[in-house]
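Comments concern the structure below.
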Amino acid sequence: MQTHMAKRVEIIIEAPMEGRLRSALAGADISGYTVLPVLGGSGRSGEWSREGQVGRAGGMIAVICIVHPDRVDGLLSAAFAVLESHIGVVSVTDCEVLRAERF
Amino acid sequence: MQTHMAKRVEIIIEAPMEGRLRSALAGADISGYTVLPVLGGSGRSGEWSREGQVGRAGGMIAVICIVHPDRVDGLLSAAFAVLESHIGVVSVTDCEVLRAERF
Amino acid sequence: MQTHMAKRVEIIIEAPMEGRLRSALAGADISGYTVLPVLGGSGRSGEWSREGQVGRAGGMIAVICIVHPDRVDGLLSAAFAVLESHIGVVSVTDCEVLRAERF
Amino acid sequence: MEMIFGLAAQNLVSPIILSFALGLFAALARSDLSVPEAAAKALSLYLLFAIGFKGGVSIAENGIDATLALSILAGVILSFLLPFIAFALLRGMTRMSALDAAAVAGHYGSISIVTFVAATSVLESQGIASEGYLVAVAAAMEAPAILSALWLAMRGSRGAAQVDGTLWREILLNGSIVLLLGAFAIGWITGPAGLAEIDSFIVAPFKGVLCLFLLDMGLVAGRGLRQTRGALGAGAVAFGLVMPPIGAAFGLAAALLLGLSTGGTVLLMTLSASASYIAVPAAMRVALPQANPSIYLTLSLGVTFPFNLTVGIPVYLAVATLLTGG
Amino acid sequence: MEMIFGLAAQNLVSPIILSFALGLFAALARSDLSVPEAAAKALSLYLLFAIGFKGGVSIAENGIDATLALSILAGVILSFLLPFIAFALLRGMTRMSALDAAAVAGHYGSISIVTFVAATSVLESQGIASEGYLVAVAAAMEAPAILSALWLAMRGSRGAAQVDGTLWREILLNGSIVLLLGAFAIGWITGPAGLAEIDSFIVAPFKGVLCLFLLDMGLVAGRGLRQTRGALGAGAVAFGLVMPPIGAAFGLAAALLLGLSTGGTVLLMTLSASASYIAVPAAMRVALPQANPSIYLTLSLGVTFPFNLTVGIPVYLAVATLLTGG
Amino acid sequence: MEMIFGLAAQNLVSPIILSFALGLFAALARSDLSVPEAAAKALSLYLLFAIGFKGGVSIAENGIDATLALSILAGVILSFLLPFIAFALLRGMTRMSALDAAAVAGHYGSISIVTFVAATSVLESQGIASEGYLVAVAAAMEAPAILSALWLAMRGSRGAAQVDGTLWREILLNGSIVLLLGAFAIGWITGPAGLAEIDSFIVAPFKGVLCLFLLDMGLVAGRGLRQTRGALGAGAVAFGLVMPPIGAAFGLAAALLLGLSTGGTVLLMTLSASASYIAVPAAMRVALPQANPSIYLTLSLGVTFPFNLTVGIPVYLAVATLLTGG
Ligand SMILES: Nc1ncnc2c1ncn2[C@@H]1O[C@H](COP(=O)(O)O)[C@@H](O)[C@H]1O
Ligand SMILES: Nc1ncnc2c1ncn2[C@@H]1O[C@H](COP(=O)(O)O)[C@@H](O)[C@H]1O
Ligand SMILES: Nc1ncnc2c1ncn2[C@@H]1O[C@H](COP(=O)(O)O)[C@@H](O)[C@H]1O
Ligand code: NA
Ligand code: NA
Ligand code: NA
């Protein structure tokens with residue numbers, strides 16, 4: 001099938017920052033993304049797990065955003081402004097998509 | 001370690017379509033995939049979140065399917081037939097796998 | 001923005017093996033990873049779903065680990081030692097990251 | 001009239017309504033208060049199980065008569081019929097496309113079980129009895145409206161609807177129908193003895209659980225209203241307020257024909273007045289994917305549900321009391 | 001005989017069994033009815049906490065005697081022993097590989113706590129008392145069978161089992177053992193006064209919660225049966241029906257030797273007859289990854305569990321009543 | 001003195017404390033026992049709703065007086081003030097950076113609602129009444145301490161704190177404040193009649209639910225202690241044990257000035273002594289991302305919470321009884 005080049009950006013970020021990231025993406029005119037739950041993890045700030053947690057402080061989410069290659073830079077700048085002093089990871093992968101008009 | 005080329009297909013699709021996608025994949029002889037939960041997202045049809053939802057209507061899932069490069073086209077056609085008039089996103093990424101005989 | 005090459009390793013593994021995988025990663029000096037929940041899937045050992053399950057036996061998790069390309073081999077060996085005789089899937093994708101000093 | 005206002009006022013200060021209002025407020029004020037999805041589903045399983053079970057027990061106690069079958073038949077007819085009225089109104093009152101109008105219409109033929117539960121609990125606090133089999137009528141009214149909606153959609157544009165056997169199975173065996181009817185059957189089979197075994201689970205805490213569930217409904221409704229701000233025109237909102245009393249009037253007519261008790265009349269009116277927000281939306285996503293979900297979800301959950309909860313039920317109760325001489 | 005049928009019939013129409021049947025039906029009919037994973041786990045935490053606590057309180061009330069220690073010892077021996085019998089039967093009745101047979105055998109030496117809970121609640125409705133410490137016996141029976149299974153597997157093929165210290169810790173400290181014994185200890189320490197503080201949480205709603213949990217068990221069992229259709233041969237199914245009474249017979253012998261009460265005898269029979277579906281499967285996934293999980297999960301949850309729930313428990317009760325002159 | 005020990009001993013063997021201890025033990029022993037996140041959140045929603053509602057009903061019953069407003073004012077002042085004391089102590093007792101010390105200090109000015117709930121339930125078993133509006137005081141004490149913490153942090157290093165309007169909305173409208181105050185309002189509006197409708201949900205099972213919630217708290221606290229082993233120095237641990245009585249002393253002074261009842265005095269002491277583990281940590285992650293979360297979470301949940309639960313509350317009760325002549 002006919003596919004088109006795109007970029008898959010994956011942002012793993014603290015749950016309490018979700019709203020701010022959403023706003024930043026909207027500000028950069030990125031309106032398509034999907035939020036996945038995260039169970040736990042490990043990093044420089046130690047191991048953690050969501051099990052039994054009531055507050056949002058100890059937890060992260062993963063945001064997946066597929067965009068046209070031209071828009072990656074805008075997206076990364078927007079995300080970086082939110083992430084800068086926070087823990088979290090951003091990765092960008094080349095991918096192909098169906099229905100290019102969407103991205 | 002010895003790795004082999006493969007493709008990672010990620011399909012984000014409405015939860016009520018899960019059964020149909022599973023059948024379509026089975027029909028295209030794709031028997032290996034993993035379904036991830038999705039918390040929320042945003043797209044042309046607006047923002048949404050699963051929080052507190054009882055019905056399946058307002059929600060999506062993510063299906064990850066790692067296949068041999070030769071089988072991507074069959075997989076995409078099968079997925080596309082289900083997705084066509086529905087909201088959802090498909091992306092394909094190059095990857096490497098261990099144990100090639102599985103894919 | 002300035003990005004750096006890295007590898008995204010995705011390991012889908014049985015939930016009861018999570019602790020062992022975590023230890024193996026720690027042993028290979030991989031301290032950064034994120035664990036995602038999995039809802040269900042299909043493979044050579046049949047279809048499954050977490051719905052309504054009480055035990056951990058019938059279920060998997062997905063571990064995402066972003067590493068410097070030089071460290072992929074160590075990571076794969078460590079993961080493979082745990083996975084060897086178990087069901088599960090490992091895939092490796094090229095990606096780019098911000099803040100290279102972290103990986 | 002005075003009685004209606006009295007009842008309405010009394011209804012408005014019940015913990016149930018206020019819990020819904022709290023959820024609505026929290027969502028509109030953008031509080032991060034939220035009920036986890038799994039907890040919301042668990043609450044709804046509880047409510048369906050409890051209401052079905054109690055309905056079945058009441059049949060076991062009072063026996064059945066011809067009215068049961070006739071009531072179910074009436075429910076099915078109402079569910080088939082009301083979407084046509086809703087569709088005509090929508091086409092007249094709004095600029096919705098035929099497709100969207102058909103999808104919305106399907107919701108108003110079908111029912112909202114939590115509205116039904118809320119009505120039951122108002123009846124209970126007033127000490128008004130009702131026919132236990134109305135639970136079965138509720139279940140019977142869930143699906144037929146979908147058929148009407150799809151017919152309306154297909155009439156508008158051939159090929160609009162994607163209907164197959166799988167869809168029918170999904171509709172007829174959707175979780176809430178199966179649990180409601182299953183619990184109804186269990187209640188019927190085990191009767192008062194069965195109820196005695198589990199009543200401290202399904203009777204005593206029922207209203208409290210309903211409060212928490214309505215808190216969640218308020219949160220979801222409020223979030224929906226916030227996120228789809230602007231998706232609904234004034235015409236659509238007006239439809240969401242006008243359609244319930246019209247539906248209730250049809251329900252009333254049917255109840256009078258059937259000779260239901262005052263309580264039963266209130267419940268049939270409530271069922272007819274209520275709009276689905278679980279079964280029909282899911283079916284519409286599958287069968288009419290082009291129809292805009294924010295329209296039908298917001299109308300059903302954000303406009304009609306609160307209307308019935310606050311104004312509708314007390315009015316239906318007042319009217320039914322007057323006309324059945326209850 | 002008549003009594004057995006009477007009891008069985010009575011048992012079959014309890015809300016508990018019917019809830020399980022409803023779940024089974026819904027899953028086999030491919031309804032989308034489902035209990036969220038988190039809700040199912042919460043229900044099981046509740047049941048473990050409640051049953052453990054009540055067991056502990058009963059010890060606080062009645063004191064302990066030598067029989068407690070002997071009963072636990074008997075449970076441990078049964079758990080070690082039964083896998084060997086199960087293994088021999090499996091090798092005779094089916095064409096299962098030694099590895100699969102060993103894995104299955106481990107399940108039948110261990111126990112299913114919800115079967116135990118169901119038996120408790122049958123005893124309760126019959127007004128039959130039992131020794132509170134059988135909760136501790138249940139906990140003691142969870143793990144030893146795993147040892148036997150691993151030994152059987154390793155005898156067949158060296159290196160088949162992957163056993164290490166971590167695994168032992170996981171087995172002995174698995175969540176259900178810790179919660180059951182922990183709640184038992186809390187019940188014992190706080191006694192009737194402690195129970196009085198929380199009985200409207202752990203006693204009154206208990207049976208109703210059990211209904212919802214069994215609904216979920218029915219859904220999971222039915223889905224398992226559907227998805228593994230064909231994985232089980234007739235021989236394996238026959239084993240799943242024959243092994244419980246054999247296990248129960250051993251449990252009966254032990255109970256008679258120990259001089260347990262009628263209720264205690266029923267419970268020890270039930271424990272011996274039941275097959276694990278939480279602790280052992282998880283251990284087998286880790287230690288015997290090549291063994292096919294659909295075989296042992298389907299047998300345990302799809303065949304033996306429903307058998308014990310519907311036929312087994314009433315039969316064990318009838319036999320125990322006869323032989324202990326209860 | 002004797003009385004204090006008597007009370008403490010009695011408190012220690014309550015199912016509530018033992019449930020917490022069980023969770024702590026299970027986590028430290030690395031059992032896989034766990035409460036799903038959704039279930040833990042559901043339990044906390046229940047507790048907030050119930051405690052808020054009951055507080056509101058008590059106002060409806062007893063009316064309000066000037067003390068209500070003064071008590072809220074006192075709470076706000078305590079919440080503003082205590083972080084300064086905590087900060088000074090931390091800088092003296094530990095080698096924490098100013099930033100970390102500010103973040104920790106914010107937690108100790110704010111409150112832990114489950115500690116408050118536990119104190120309520122101890123009062124209840126002793127038959128000691130308290131002012132219902134202390135629920136509102138609890139809500140009022142959640143946020144002001146955050147302001148003090150941010151001020152302390154910014155004083156240390158300009159630009160350290162990231163504060164904006166969104167953050168203020170999040171803090172003031174955080175879920176637990178909204179639910180607590182909302183339920184309080186509902187209880188107040190619907191009064192004893194409202195309570196009668198739902199008391200078998202929010203009163204009878206309350207303590208049992210609290211047990212399960214404390215089991216979860218024990219699990220989370222134990223896991224935190226295990227995972228951050230070494231992150232806390234002896235000085236920090238000492239602070240976590242010394243700060244609660246100091247906070248309680250301030251709470252006591254305020255209560256005596258206000259002329260609160262014995263029960264009310266205990267509750268205000270408990271609020272002042274307790275440290276936040278939900279609202280403040282989330283605010284700190286956003287506003288002071290460089291502060292180390294394992295320090296403040298472990299101190300609050302792993303040190304101060306268990307201290308208050310086991311030793312603190314009985315001591316506060318004994319002291320309050322002495323000084324208010326209750
Ligand atoms: N290399 C990595 N790959 C995937 N996830 C990571 C990685 N590093 C950190 N994370 C995630 O980000 C969280 C915070 O990381 P850190 O700031 O290093 O403590 C971790 O708990 C993980 O969930
Ligand atoms: N570019 C994208 N990247 C990731 N997820 C997307 C994207 N666009 C849409 N989605 C997901 O698909 C859903 C429906 O998209 P849409 O059809 O655009 O409303 C959204 O709510 C997201 O969950
Ligand atoms: N090709 C694949 N792509 C993605 N996930 C897979 C794939 N194959 C297997 N899985 C996952 O791994 C589990 C076990 O696979 P298997 O060992 O083939 O039964 C499946 O249930 C899926 O969740
Ligand atoms: Na209707
Ligand atoms: Na057994
Ligand atoms: Na405090």
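Excluded from the calculations below are hydrogen atoms, water molecules and symmetry mates; all remaining heavy atoms, backbone and side chain alike, are included. Here is the naming used below: chain letters follow the sequence lines, and residue numbers restart at 1 for every chain.
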Between [X] and chain B, with a heavy-atom cut-off of 4.5 Å, which part of the residue counts as in contact: side chain, backbone, both or neither?
| X | answer |
| --- | --- |
| Ser44(D) | side chain |
| Pro281(D) | both |
| Asp164(D) | side chain |
| Leu215(D) | neither |

Checklist entry - More than 12 non-hydrogen atoms from neighbouring residues, nucleotides or ligands closer than 6.0 Å to CZ on Phe25(D), yes or no? => result no
Checklist entry - Should we say atom CZ of Arg226(D) is surrounded by more than 12 heavy atoms from elsewhere, each under 6.0 Å from it? => result yes
Checklist entry - When only pairs under 4.5 Å are counted, which of Gly52(B), Ser23(B), Ser85(B) shares the most heavy-atom pairs with chain D? => result Gly52(B)
Checklist entry - Does any heavy atom of chain D fall under 4.5 Å from the side chain of Ser49(B), the backbone, both, or neither of them? => result both
Next on the checklist: Can you tell me which of Val220(D), Val35(D), Asp216(D), Val286(D) forms the most heavy-atom pairs within a distance under 4.5 Å of chain B?
Outcome noted: Val286(D)
Checklist entry - Which pairs pass side-chain hydrogen bond (donor to acceptor under 3.5 Å, both in side chains) with one or both residues in residues 101-117 of chain D, sequence neighbours excluded? => result Tyr108(D)-Thr304(D), Ser112(D)-Thr115(D)
Item to check | Spatial distance of atom CZ (Arg285(D)) from atom CD1 (Ile87(B)) [nearest 0.5 Å] | outcome: 5.0 Å
Item to check | Pairwise distance CD(Gln53(B)) to CZ(Arg223(D)) - rounded to 0.5 angstrom | outcome: 5.5 Å
Next on the checklist: As a quick check of understanding, evaluate side chain to side chain contact (heavy atoms under 4.5 Å, CB included) for Leu33(D) and Glu51(B), giving each step before the final call.
Outcome noted: CA-CA 10 Å; Leu33(D) 181 60; Glu51(B) 262 171 13; over 6 Å; no
